[in-house]
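Hydrogens, waters and symmetry mates are skipped; everything else that's a heavy atom, side chains included, is used. Just so you know, these numbers come straight off a predicted model, no measurement behind them.
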Amino acid sequence: MLPPPSPSSVRPSVSLSLDAREMAAMRAAPPPSGASLALLCFFLLCPYGTLLAGGIPTTLEGPFPPVTVPLDKSFRGNAVDLPDTDRRVQRTVSDFEPEQISVSLSSSHDSVWISWITGEYQIGDDITPLDPNSVGSVVYYGGSGSGRSHQATGYSLIYNQLYPFEGLENYTSGIIHHVRLKGLKPSKLYSYQCGDPSIAMSEVYYFTTMPVTGPSSYPSRVAVVGDLGLTYNTTSTVDHMLSNHPDLVLLVGDVCYANLYLTNGTGADCYSCSFPQTPIHETYQPRWDYWGRYMQPLVSKVPIMVIEGNHEIEEQAENQTFVAYSSRFAFPSKESGSSSTFYYSFNAGGIHFLMLGAYISYDKSSDQYRWLEKDLAKVNREVTPWLVATWHPPWYSTYTAHYREAECMRVAMEDLLYSYGVDVVFNGHVHAYERSNRVYNYTLDPCGLVHITVGDGGNREKMAITHADEPGNCPDPSTTPDTYMGGFCAFNFTSGPAKGNFCWDRQPEYSAYRESSFGHGIFEVKNETHALWTWHRNQDLYKYAGDVIYIIRQPDKCPIKGKRNF
């Protein structure tokens with residue numbers, strides 16, 4: 001086993017400013033307490049990496065006794081959506097100048113996607129879609145200092161969100177452009193401009209490619225966040241995330257929460273509570289545009305990879321769903337052999353990422369399952385030692401909210417992921433933080449996966465605070481299946497301390513740490529066997545982490561053999 005290397009070097013920063021309201025909220029935040037205070041005193045995270053003020057625990061020392069950090073009722077954050085009057089969500093370009101610019105990865109280091117939007121959206125009863133062929137999709141790019149002598153062209157599209165009910169407002173997007181850049185060198189800074197040279201080009205932006213695929217090269221920091229939304233809590237999460245200078249951002253579902261609004265722009269924290277009589281679940285699609293504008297200062301420079309969540313379903317006419325999600329982002333689906341935007345894979349240095357879909361068929365006869373089998377069989381762990389999977393709803397969450405909701409997906413796929421030795425799983429959906437011990441089939445297993453839920457990005461639905469193992473909080477099993485996917489797979493436990501029951505009567509042994517606070521995580525792979533995970537709470541100072549652990553692979557003790565004998 002390799003030892004963890006020294007901290008990485010200083011990374012260039014990107015900044016999004018906090019407004020006065022957010023600064024006041026941060027100044028008013030109370031100091032941390034309890035277990036988190038001990039961790040904060042124990043581990044000091046400096047801007048350029050992690051300096052150890054003491055020994056950082058590792059998964060080799062686990063399984064750990066379950067820890068629940070008591071709810072800090074004095075700090076609930078500011079889960080109020082940014083209004084359309086906020087300067088950070090307003091349109092600052094004119095006519096067909098590019099906006100909402102973003103970078104995403106292809107399947108390997110030598111290619112990225114550049115995406116942007118031109119023209120204005122329309123919303124109302126009388127809308128006329130723009131012609132996507134009326135504006136070109138061109139990117140000029142080149143290595144930093146060598147000019148932008150290369151040119152790539154791509155494709156463009158528009159999408160509509162239409163409702164077959166009188167009184168509901170329809171939406172048609174601006175022109176969405178996706179251009180793939182190829183032949184890039186690893187770990188290299190590139191400059192680019194995007195647009196239509198006959199109409200308008202953007203200003204110059206920069207991105208850095210991923211390291212070459214191999215066992216000794218990794219992105220310095222991968223930020224992981226879920227259920228982000230566009231609230232004042234969101235801005236705190238993003239600002240904290242930027243202070244950690246990520247090389248890559250993983251957004252594990254639930255992007256902007258446009259479906260918490262009626263088509264007239266009236267929003268609520270709980271759609272079904274406030275609007276129970278609507279003939280269809282409405283959305284206010286301009287929230288997507290607001291989110292794209294707010295995020296541009298980050299994602300025009302740092303690649304973002306997204307997987308769908310339940311708030312991206314967005315039903316509309318002719319039973320169409322997920323149209324905004326599938327249109328606005330570029331995905332390396334084709335490059336990774338997938339036929340869907342719902343699931344795909346990519347490499348980032350020596351990490352192979354599996355982005356899986358929880359809202360498309362996942363049983364053993366499905367296209368996704370067959371694709372996953374093929375993708376896993378092609379992974380060479382001598383080249384990409386680390387195997388990381390993400391999807392939206394967690395399999396191992398002990399909160400009452402969404403408890404065992406994705407059980408059918410777990411039953412279908414857990415054996416396959418376990419047999420190929422997936423190291424870490426990142427999920428969202430539950431609006432809190434939780435990290436598991438190594439677990440397989442609800443049983444502690446030294447070769448099991450580490451499941452981490454980071455659905456605490458800051459959305460307006462507020463925080464999950466109750467646990468299913470607390471008296472009176474165990475949900476009725478009939479209420480737990482996912483309403484979109486259907487099926488029922490969550491039965492009473494047949495073995496272990498919870499045998500005969502649907503919930504444990506104490507924090508389950510597979511749950512190592514849980515806390516209800518907004519924040520994000522940073523995943524830093526140090527070498528073939530060591531990865532540092534830190535979770536950062538919004539109410540803490542930028543240099544501190546609430547949860548820290550080294551996740552250690554043991555390929556000698558947990559060999560990868562395809563399907564193991566269960």
Side-chain angles (χ1 to χ4, degrees), residues 107 159 226 250-255 259 280-281 305-329 331-346 352-379 387-397 402-420 422 425-430 441 449 451 455 477-491 562-563 566:
S107 57
Y159 79 90
L250 297 183
L251 176 49
V252 294
D254 285 1
V255 180
N259 73 338
I280 190 173
H281 191 131
M305 304 302 286
V306 183
I307 199 66
E308 83 281 355
N310 58 299
H311 283 275
E312 282 73 70
I313 296 173
E314 298 187 331
E315 304 98 326
Q316 60 167 301
E318 299 181 353
N319 296 317
Q320 292 191 79
T321 54
F322 293 99
V323 177
Y325 161 81
S326 295
S327 301
R328 288 178 176 269
F329 298 106
F331 306 92
S333 301
K334 182 178 179 181
E335 301 99 281
S336 60
S338 168
S339 60
S340 173
T341 60
F342 287 62
Y343 54 89
Y344 58 92
S345 65
F346 64 95
H352 186 70
F353 285 97
L354 300 164
M355 311 291 280
L356 303 181
Y359 301 97
I360 189 171
S361 182
Y362 41 63
D363 59 49
K364 290 180 173 60
S365 63
S366 67
D367 289 343
Q368 178 177 202
Y369 192 93
R370 289 193 292 267
W371 168 83
L372 180 58
E373 285 185 306
K374 292 178 182 178
D375 192 86
L376 286 168
K378 291 187 294 185
V379 175
L387 193 52
V388 175
T390 79
W391 60 87
H392 186 57
W395 295 348
Y396 290 95
S397 171
H402 307 300
Y403 180 69
R404 300 182 71 182
E405 183 180 291
E407 188 74 353
C408 287
M409 185 183 183
R410 186 194 69 80
V411 170
M413 288 186 157
E414 186 176 29
D415 284 358
L416 184 60
L417 298 183
Y418 177 77
S419 70
Y420 278 94
V422 170
V425 171
F426 294 119
N427 303 120
H429 201 41
V430 176
N441 195 25
L449 288 61
H451 292 256
S478 65
T479 66
T480 59
D482 180 83
T483 56
Y484 181 76
M485 293 301 295
F488 184 83
C489 304
F491 300 97
K563 290 191 174 182
F566 299 109

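- Legend: residues meeting side-chain hydrogen bond (donor to acceptor under 3.5 Å, both in side chains) with T483, ordered by chain and number and at least two apart, are absent.
- The side-chain heavy atoms of I313 and H281, taken from C-beta on, include no pair separated by under 4.5 Å.
- In this structure, S338 has no side-chain hydrogen bond (donor to acceptor under 3.5 Å, both in side chains) partners at least two apart in sequence or on a different chain.
- Partners of S366 according to the side-chain contact (heavy atoms from CB on, under 4.5 Å) rule, which considers only residues two or more places apart in sequence or in another chain, are S361, D363, Q368, Y369.
- Side chains of N427 and V252 form no contact here, defined as non-hydrogen atoms less than 4.5 Å apart.
- Under the 3.5 Å distance criterion, with hydrogens and angles disregarded, no donor-acceptor pair is assigned to the side chains of H392 and E312.
- Smallest separation of non-hydrogen atoms from G487 and C408: C-SG, 4.0 Å.
- The CD atom of E308 lies 9.0 Å from the CG atom of L356; values are rounded to the nearest 0.5 Å.
- Looking at heavy atoms from C-beta onward, P393 lies out of side-chain contact with D482 at the 4.5 angstrom threshold.
- Aromatic ring centres of F426 and F353 lie farther apart than the 6.0 Å criterion allows.
- Between L251 and F329, every side-chain heavy-atom pair lies at or beyond the 4.5 Å cut-off.
- Note that NZ of K378 is 7.5 Å distant from OG of S336, once rounded to the nearest 0.5 Å.
- The salt bridge (charged side-chain N to carboxylate O under 4.0 Å, His left out) contacts involving residues 315-329 comprise D289-R328, where partners must be two or more places apart or lie in separate chains.
- With sequence neighbours left out, E335 forms a salt bridge (charged side-chain N to carboxylate O under 4.0 Å, His left out) with R180.
- Contact of the W391 side chain with the I307 side chain is not registered, since no non-hydrogen atoms from C-beta on lie closer than 4.5 Å.
- Taking the side-chain contact (heavy atoms from CB on, under 4.5 Å) definition, one finds that M305 meets it with S104, L105, L248, L250, P332, Y344, F346, M355, sequence neighbours left out.
- Taking H352 as the reference, nothing meets the ring-ring contact (aromatic ring centres under 6.0 Å, His included) condition, with sequence neighbours excluded.
- For A324 against E314, the heavy-atom pair with the smallest separation is CB-OE1, 3.4 Å.
- No side-chain heavy atom of N310 sits under 4.5 Å from any side-chain heavy atom of N259.
- In this structure the side chain of T479 never reaches within 4.5 angstrom of the side chain of Y403, judged on heavy atoms.
- For Y159, the ring-ring contact (aromatic ring centres under 6.0 Å, His included) criterion is met by Y171, not counting sequence neighbours.
- For S326, the side-chain hydrogen bond (donor to acceptor under 3.5 Å, both in side chains) criterion is met by T341, not counting sequence neighbours.
- Heavy atoms only, all atoms of each residue included: S478 and P481 are closest at O-CD, 3.5 Å.
- Residues K364 and V411 approach most closely at NZ-O, 4.0 Å, considering heavy atoms.
- Among the candidates L354, D367, L372, the single residue satisfying the side-chain contact (heavy atoms from CB on, under 4.5 Å) test with Y343 is D367.
- Here E407 pairs with R410 in a salt bridge; the nearest charged N to carboxylate O distance falls below 4.0 Å.
- Taking both residues in full, the closest heavy atoms of Q316 and V323 are given as NE2-CG2, 3.4 Å, listed atom of the first, atom of the second, then distance.
- Taking F342 as the reference, F322 meet the ring-ring contact (aromatic ring centres under 6.0 Å, His included) condition, with sequence neighbours excluded.
- Here R404 contributes atom CZ and F491 contributes atom CZ; the two are 9.5 Å apart, rounded to the nearest 0.5 Å.
- In plain terms, the two heavy atoms of M409 and A358 that are nearest each other are SD-CB, 3.7 Å.
- Within the 4.5 Å cutoff, the side chain of T321 has heavy atoms near those of the Y484 side chain.
- Taking the side-chain contact (heavy atoms from CB on, under 4.5 Å) definition, one finds that A412 meets it with Y362, sequence neighbours left out.
- Among residues two or more places apart in sequence or in another chain, the side-chain hydrogen bond (donor to acceptor under 3.5 Å, both in side chains) test is passed with Y396 by E414.
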